[in-house]
Amino acid sequence: IVRPRVLARLVLVADRHFLALVGVNTNRRVDHVAITGDVSNLALEAEFELVRELLEGIGLPPEHVSIVPGNHDVYTFESVRARRFREFFEPYMPGEHLPCRVQLPGGTPLVLTPTVCANVLSSAGRIGAAQVAETRKLIENAGHGPVLVMGHYPVLHETHAYRSTPSRQLRNAEALREALGVGGRHVLYLAGHVHRFSCVRDRAHKHLTHVTTNAFFLQRRGDSVDGAFTEIHVEERDFRVRSHWHEGDSWRAREEAPR
């Protein structure tokens with residue numbers, strides 16, 4: 001069996017502990033790191049300063065790192081008004097606002113889409129109609145071949161691996177799902193937030209696949225797995241997904257087929 005040529009290897013992580021990936025991947029080619037947000041706890045300047053220092057030390061130029069904010073990164077209305085997240089991470093978020101589009105090594109487009117908002121009592125996300133329309137436009141105008149799209153919140157509220165309560169769901173998710181699924185091109189939507197790995201083919205849109213990644217550091221009672229991340233191999237016409245997890249004294253991995 002001849003494997004299709006891998007255009008880029010992307011590592012998907014879901015929290016601020018991504019620096020440990022440098023140690024994990026010293027013998028592995030990593031072309032791009034994609035961070036789905038929640039790099040802070042309370043959206044404080046000191047937290048963002050530390051993460052910015054870590055990003056600058058991982059050995060990849062800014063154009064090879066992409067980041068979107070998580071709900072913890074817009075934890076207060078004051079941090080949103082100050083545009084604190086963008087102030088610290090603008091080199092990794094090209095353009096003046098989200099959504100925007102970047103090119104991975106090999107030319108595959110990656111669309112970064114906004115899904116977070118400040119909340120008082122819930123952890124729900126939100127994406128507006130204009131942002132959905134712009135995301136759809138960026139996908140449609142991305143040339144030929146597969147497209148990756150990344151946001152903090154999953155579009156699906158429930159899979160075999162997780163179930164999001166209403167207070168933790170993305171509002172207007174169905175509109176974003178429709179934007180991702182139209183057009184008949186292969187789209188891989190990447191998300192965090194739920195801290196569970198899943199790889200699911202969309203039942204309504206056969207060319208759309210949803211991937212959520214686990215937290216790099218895990219602390220679950222009774223669970224022998226204490227860390228995880230996801231690796232994406234970008235090919236000319238499709239994607240391959242590999243889950244990595246730390247158990248005992250070693251890292252393990254397997255290729256995952258969409259369910």
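The shown structure was predicted, so the numbers you read here are calculated from the model rather than taken from an experiment.
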Review point. Strictly by modelled atom types, are Gln169 and Ser164 linked by a side-chain donor-acceptor pair under 3.5 Å?
Key: no
Revision key, fill the gap. Joining Ile, Leu, Val, Met, Phe, Trp and Tyr whenever any side-chain heavy atoms lie under 4.5 Å apart, the cluster holding Val149 also takes in Val74, Val80, Val111, Val116, Ile127, Val132, Leu138, Ile139, Val147, Tyr153, Val155, Leu170, Leu176, Leu180, Val187, Tyr189, Leu208
Point to revise | Donor-acceptor contact present, side-chain Thr212 to main-chain Arg196, <3.5 Å | key: yes
Study note, to complete from the structure: Sorted by chain and number, sequence neighbours left out, side chain to side chain donor-acceptor pair (under 3.5 Å) with Asp73 holds for Ser40
Exercise for review: Hey, can you tell me if Phe48 and Phe88 have their rings parallel, tilted or perpendicular (30° and 60° cut-offs)?
Suggested key: tilted
Point to revise | For Arg252, side chain to side chain contact (heavy atoms under 4.5 Å, CB included) partners two or more places apart | key: Trp245, Glu247, Ser250
Exercise for review: Run through the side-chain heavy atoms of Ile, Leu, Val, Met, Phe, Trp and Tyr, join any pair under 4.5 Å, and report what else lands in Tyr75's cluster.
Suggested key: Leu42, Leu44
Point to revise | Residues Thr230 and Thr213: side-chain donor-acceptor under 3.5 angstrom | key: yes
Revision key, fill the gap. Ala191 and His152 have their tightest heavy-atom pair at CB-O, 3.8 Å
Check your understanding: So, Asp31 versus His64: side-chain donor-acceptor pair below 3.5 Å or not?
Key -> no
Exercise for review: Could you name each residue pair satisfying side-chain hydrogen bond (donor to acceptor under 3.5 Å, both in side chains) that touches residues 106-115, not counting sequence neighbours?
Suggested key: Thr113-Thr135
**Study point:** Partners meeting side chain to side chain contact (heavy atoms under 4.5 Å, CB included) with Glu96 (sequence neighbours left out)
**Key:** none
Check your understanding: Is a salt bridge present between Glu174 and Arg177, judged by a nitrogen-to-oxygen distance below 4.0 Å?
Key -> yes
**Study point:** Residues Arg242, Glu256: salt bridge by 4.0 Å N-O rule
**Key:** no
Practice item. Please name the pair of heavy atoms, one in Arg171 and one in Cys117, separated by the smallest distance, quoted to 0.1 Å. Key: NH2-SG, 3.2 Å
Exercise for review: For residues Trp251 and His244, establish whether the separation of their ring centroids is below 6.0 Å.
Suggested key: no
